[in-house]
Amino acid sequence: MDNSICQVYEDEIQSLEEEIKLLAEKYEDSQQESTFFSDELLTSTKSFQREFQGGSKGHESPSDLKAQLENLETDLSFLMKFTGIQFTSHSKKTVEQTRNRTVRKHRLSGNCHSLSFQLEFQLLEMQKKENVSAVITDLSIIMESGEDSDVSKFVSSTEEHRNLLTFFRSLSSYAEWYEHRRCTFLHFKGKYPDIVTLPEGQLGDYIILRNPKISGFELMIIWKIHIDEEGRTTPVLDLLTKVPEQVLEQKMATTETAPARFRSMLLLFGIEAAVENLIKVVGLEK
């Protein structure tokens, strides 16, 4: 084969290798817990490395490499849909490189459902013979809901332990509840526009129910999403009442027990049904 033709193939294969390596890094960083896909990706990556280290002989054709790249992109797309995590930008810079040691700084931005996040971390790669190990040496996280004290504590703990696996797993769970709350609030606002108010908008953590027939009568449904320092996510709902004095005198017992009854309905019927039943019980339904 002509040397110039061989060089063209070499250049194209090297370009494909860089694209594959970038996808592999995104894949491994975002979904280390997905063992099946990670193993498949690592196997493919090692296979490519062996091919490139072997010289020009035995290279797969560019069409085969492109087909395998498309498979990797399909796997990544599936994981993005499954977890809700969507990467919008990624950049990396080599800070230090020796024969057996490489330090790279990564910047990664993305969304998980309706939450945005930014990551900046340094990755230390050490090579011993054919084995390569990677360790995160520095991690910085910015999240859209960083004003929440629980989220701030979780982010600080994750940065301290430099655990990207915990971050992405917990982010997916937290953002799923965050999106579920947003959609639920919008649902009731759309169904009962004269009754339901969203004082902080669709991303707030509470809604107000007002009885149009009783001036000053309000129910506040508070929906917090608790996340501990280890990333465990739990929805916490409660009910607060604001009742005019004349109504309070007539139905004091009912008003005082309303929060406890609401919590019982949550356990029995779930969030959406409990809110719906609450609207019906207090006579807010037209």
Side-chain angles (χ1 to χ4, degrees), residues 6-60 62 64-66 68-73 75-77 79-80 83 85-110 117-143 155-169 171:
C6 288
Q7 185 61 45
V8 170
Y9 280 117
E10 288 286 349
D11 292 343
E12 186 170 356
I13 290 170
Q14 184 175 357
S15 176
L16 286 171
E17 181 185 21
E18 289 298 322
E19 293 183 48
I20 293 166
K21 186 176 181 181
L22 177 60
L23 281 174
E25 289 172 353
K26 288 183 180 180
Y27 186 98
E28 292 176 47
D29 287 344
S30 63
Q31 290 299 328
Q32 295 178 25
E33 69 270 24
S34 300
T35 305
F36 173 79
F37 292 104
S38 295
D39 287 345
E40 182 180 6
L41 181 60
L42 289 172
T43 299
S44 298
T45 303
K46 290 178 180 179
S47 175
F48 284 126
Q49 289 175 341
R50 287 194 296 269
E51 290 293 330
F52 289 116
Q53 291 170 356
S56 59
K57 294 182 178 180
H59 279 309
E60 296 183 51
D64 290 337
L65 293 175
K66 288 181 180 179
Q68 294 188 51
L69 177 60
E70 289 174 357
N71 289 336
L72 293 175
E73 290 175 338
D75 289 346
L76 184 61
S77 176
L79 288 172
M80 286 180 176
T83 63
I85 297 174
Q86 185 83 25
F87 297 112
T88 56
S89 67
H90 172 256
S91 63
K92 65 179 179 179
K93 178 181 179 182
T94 300
V95 178
E96 175 187 342
Q97 188 167 21
T98 62
R99 182 177 180 181
N100 299 321
R101 171 189 171 96
T102 303
V103 178
R104 292 189 175 92
K105 178 176 288 187
H106 294 257
R107 288 187 176 90
L108 188 65
S109 300
F117 63 88
Q118 297 178 32
L119 302 176
E120 184 173 312
F121 59 93
Q122 283 195 168
L123 193 65
L124 169 61
E125 300 176 9
M126 300 289 291
Q127 184 168 359
K128 293 182 179 180
K129 296 182 180 180
E130 295 183 356
N131 298 322
V132 178
S133 61
V135 178
I136 295 175
T137 58
D138 187 43
L139 174 62
S140 176
I141 301 171
I142 299 176
M143 280 187 62
V155 167
S156 297
S157 176
T158 304
E159 290 175 337
E160 180 182 354
H161 293 92
R162 301 186 294 275
N163 194 331
L164 278 179
L165 172 60
T166 297
F167 171 74
F168 281 113
R169 182 192 295 121
L171 173 65

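These figures come from a predicted structure and were not determined experimentally.
- Formation of a donor-acceptor pair under 3.5 Å by the Thr88 side chain with backbone atoms of Ser109 is found in this model.
- A heavy-atom distance below 4.5 Å is found between the side chains of Phe168 and Leu119.
- The closest side-chain heavy-atom distance from Leu139 to Phe167 is not below 4.5 Å.
- Atom CE of Met126 and atom CG of Asn131 lie 12.5 Å apart (nearest 0.5 Å).
- For the atom pair Leu164 CG and Ile136 CD1, the distance stands at 3.5 Å (nearest 0.5 Å).
- Between Gln122 and the choices Glu96, Lys93, Arg104, Lys105, the side-chain contact (heavy atoms from CB on, under 4.5 Å) rule is met once, by Lys105.
- Annotation: the span from Gln118 atom CD to Ile141 atom CD1 amounts to 11.5 Å, rounded to 0.5 Å.
- Side-chain contact check for Val103 versus Thr94: every heavy-atom pair is 4.5 Å or farther apart.
- Taking the six-membered ring where tryptophan is involved, the planes of Phe87 and Phe117 are perpendicular, since the angle between them exceeds 60° and thus also 30°.
- For the pair Arg101 and Glu125, the salt-bridge criterion is not met [side-chain N within less than 4.0 Å of a carboxylate O].
- For Glu159, the side-chain hydrogen bond (donor to acceptor under 3.5 Å, both in side chains) criterion is met by no residue, not counting sequence neighbours.
- Here Arg162 pairs with nothing under the side-chain hydrogen bond (donor to acceptor under 3.5 Å, both in side chains) rule; sequence neighbours left out.
- Residues passing the side-chain hydrogen bond (donor to acceptor under 3.5 Å, both in side chains) test with Glu120 are Arg107, sequence neighbours excluded.
- Here CE of Met143 is found 9.5 Å from OG1 of Thr158. Values are rounded to the nearest 0.5 Å.
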